[in-house]
Amino acid sequence: MKIVISEFMDDAAVDHLRTAFGAGNVLYDAKLVDQPVALAAAVADCDAFIVRNRTQVRGDLLAACRKARVIGRLGVGLDNIDVRACEARGMKVIPATGANALAVAEYVVGTAMMLRRASYQSTSDVASGKWPRNALSNGRETMGAMIGLVGFGSIGQLTGRLARAVGMSVIAYDPALPADHPVWGECSAARVSLDDLVSLADVVSLHVPLVDSTKNLFDGARIAKMKHGAVLINTARGGIVDDAAVAAALRSGALGGAAIDVFANEPLPASTVYDGCPNLVLTPHIAGVTFEANVRVSSMIAAAVIAELKG
Ligand code: NAD
């Protein structure tokens with residue numbers, strides 16, 4: 001048995017795989033993702049291929065996996081994997097469902113509080129003797145504000161529970177989740193249409209997969225319908241939000257703040273799109289990546305790969 005891991009994975013989980021399959025049969029190189037020729041050669045005879053979100057498991061690379069039976073995904077979005085083609089070749093695709101949900105939920109609620117307060121970008125001013133107290137005295141509190149969750153699956157639900165814990169009211173849009181599903185009551189969340197969510201929420205946070213129906217879901221027209229001064233947070237996937245429209249809405253004051261963790265092209269190429277945007281947080285696709293989440297995600301996938309190949 002041979003296992004190939006092309007992106008970073010927690011060391012203890014890699015050791016678990018080495019114990020199960022023999023150290024010489026586990027090829028772990030977090031830089032392989034950036035070496036297409038070496039990667040294609042490495043996967044040619046592997047039985048399981050473990051990736052994060054950067055390795056594109058499709059086309060030539062998928063064709064190079066001549067005997068793999070399992071694709072382990074160290075995360076949940078499957079937009080970097082041609083799942084249909086994998087399944088057609090008899091490969092099982094295993095995501096780490098739920099294992100990084102808490103990391104994303106904490107990012108969203110913490111960032112929402114920070115962006116509503118709009119008072120944390122004064123470090124260099126204060127250190128240099130300036131005292132912008134009046135300018136930073138109009139921040140908004142979070143208790144009593146409304147969060148709107150677009151997509152109410154594993155991350156949306158956990159985000160809703162955390163938001164309730166800091167006193168927010170929760171509305172969500174997820175047409176696949178029937179109105180009589182118990183989770184609405186368990187999370188004290190109201191099921192609403194997308195139009196109502198957009199017009200009512202003080203904070204809108206996206207938790208949908210990138211699929212045809214969610215591409216450009218938050219375009220300029222939809223962003224224009226958001227409540228004046230609302231906060232928009234995208235930890236879902238790039239391409240769901242029109243980032244240039246977000247930047248324009250921040251500059252005009254229509255949006256009160258925004259956080260964008262995911263981009264259509266990652267790493268984000270140097271860009272002037274965000275120049276002059278107030279109260280904007282850009283992060284490099286880390287909402288779901290914490291020390292603890294990496295341990296949970298990695299151990300879940302190691303165990304699943306072992307069960308699949310040895311069970
Ligand atoms: P999930 O499958 O549990 O939930 C997704 C929900 O979206 C489902 O309930 C589904 O019914 C709903 N949905 C699908 N299409 C929709 C639409 N058009 N409108 C409204 N709802 C729709 O997935 P999850 O674990 O909650 O993760 C959600 C997404 O978050 C992932 O697909 C991934 O892209 C992203 N994610 C990002 C990070 C990060 O680090 N930034 C980490 C984890 C996940």
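Both ligands and their constituent atoms are indexed starting at 1 by order of listing. The figures here come from the full heavy-atom set of this structure, side chains too, leaving out hydrogens, waters and symmetry mates.
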Exercise answer, ligand 1 polar atom pairs (N/O) under 3.5 angstrom:
unit_1, atom_1, unit_2, atom_2, d
ligand 1, 3 (O), Ser154, N, 2.9
ligand 1, 9 (O), Asp174, OD2, 2.6
ligand 1, 11 (O), Asp174, OD1, 2.8
ligand 1, 11 (O), Asp174, OD2, 3.4
ligand 1, 18 (N), Ser213, OG, 3.4
ligand 1, 26 (O), Ser154, N, 3.4
ligand 1, 26 (O), Ile155, N, 2.9
ligand 1, 34 (O), Ala236, O, 3.2
ligand 1, 34 (O), Arg237, NH1, 3.4
ligand 1, 40 (O), Gly288, N, 2.8
ligand 1, 41 (N), Thr235, O, 2.9
ligand 1, 41 (N), Asp261, OD2, 2.9

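When only modelled atom types and interatomic distance are considered, Thr283 and His285 share no side-chain donor-acceptor pair under 3.5 Å.
By the salt bridge (Lys or Arg N to Asp or Glu O under 4.0 Å) test, Arg73 is found to be paired with no residue, residues two or more places apart in sequence or in another chain being considered. Partners of Phe152 according to the ring pair (Phe, Tyr, Trp, His ring centres under 6.0 Å) rule, which considers only residues two or more places apart in sequence or in another chain, are Trp184.
For the pair Arg52 and Phe8, the cation-pi test (distance below 6.0 Å, angle within 45°) is passed.
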Show your reasoning for whether side-chain contact (heavy atoms from CB on, under 4.5 Å) applies to Arg18 and Ile3.
CA-CA 9 Å; Arg18 288 185 178 124; Ile3 317 296; over 6 Å; no
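Within the structure, ring-ring contact (aromatic ring centres under 6.0 Å, His included) contacts touching residues 108-144 (residues at least two apart or in different chains) do not occur.
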